[in-house]
Amino acid sequence: MKILQTLNGKVLVKPIVEEKRVDGIDIPDSVDKEKSNKGLVLVGLDDIKKDSLVLYRTLTPMETVHDGEDCLLIDGEDIYAVIEEVEIS
């Protein structure tokens, strides 16, 4: 078993690529590769927990592969927000 621990305030994020539609037609990821700024935290920090959905700045992330998935290693300070689902009753 391997454990990944980030250093120096880095966070490992798996970008979430949202499907795009134009006039009711699905556009495959291979055609329209805009960089996402939303992702799932795989390895976090004290205040940014694993499995959190986050918004981040995409200026200079380090691209890497972790467990066979494309990921980004970004500075914790480049995470702008944690997205939480809240039920309104």
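Given the structure is predicted, the values throughout are model-derived calculations rather than measurements.
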(request) Answer with yes or no whether the hydrophobic clustering places Ile48 together with Val13; edges join I, L, V, M, F, W, Y residues whose side-chain heavy atoms lie under 4.5 Å apart. (result) yes

(message) Apply the hydrophobic cluster definition, ILVMFWY joined by side-chain contacts under 4.5 Å directly or through others, and give me every member besides Val65.
(response) none

(request) Give the minimum heavy-atom separation between Tyr56 and Gly39, together with the two atoms involved. (result) CE2-N, 3.6 Å

(message) For Val11 and Leu45: C-alpha separation, side-chain torsions, deciding distance, then whether side chain to side chain contact (heavy atoms under 4.5 Å, CB included) applies.
(response) CA-CA 7 Å; Val11 178; Leu45 300 170; 3.6 Å; yes

(request) Report whether Val43 and Met62 are members of the same hydrophobic cluster (ILVMFWY, side-chain heavy atoms less than 4.5 Å apart, transitive linking). (result) yes

(request) Supply the members, apart from Leu7, of the Ile/Leu/Val/Met/Phe/Trp/Tyr cluster built from side-chain contacts under 4.5 Å; use none for a lone residue. (result) none

Quiz: residues 66-83 side-chain donor-acceptor pairs under 3.5 angstrom, not counting sequence neighbours:
residue : atom : partner : partner atom : Å
Glu69   : OE1  : Lys14   : NZ           : 2.7
Asp75   : OD1  : Lys10   : NZ           : 2.3
Asp78   : OD1  : Arg57   : NE           : 3.2
Asp78   : OD1  : Arg57   : NH2          : 2.4

(request) Output the distance between atom CG (Leu53) and atom CG (Leu55), rounded to the nearest 0.5 Å. (result) 7.0 Å

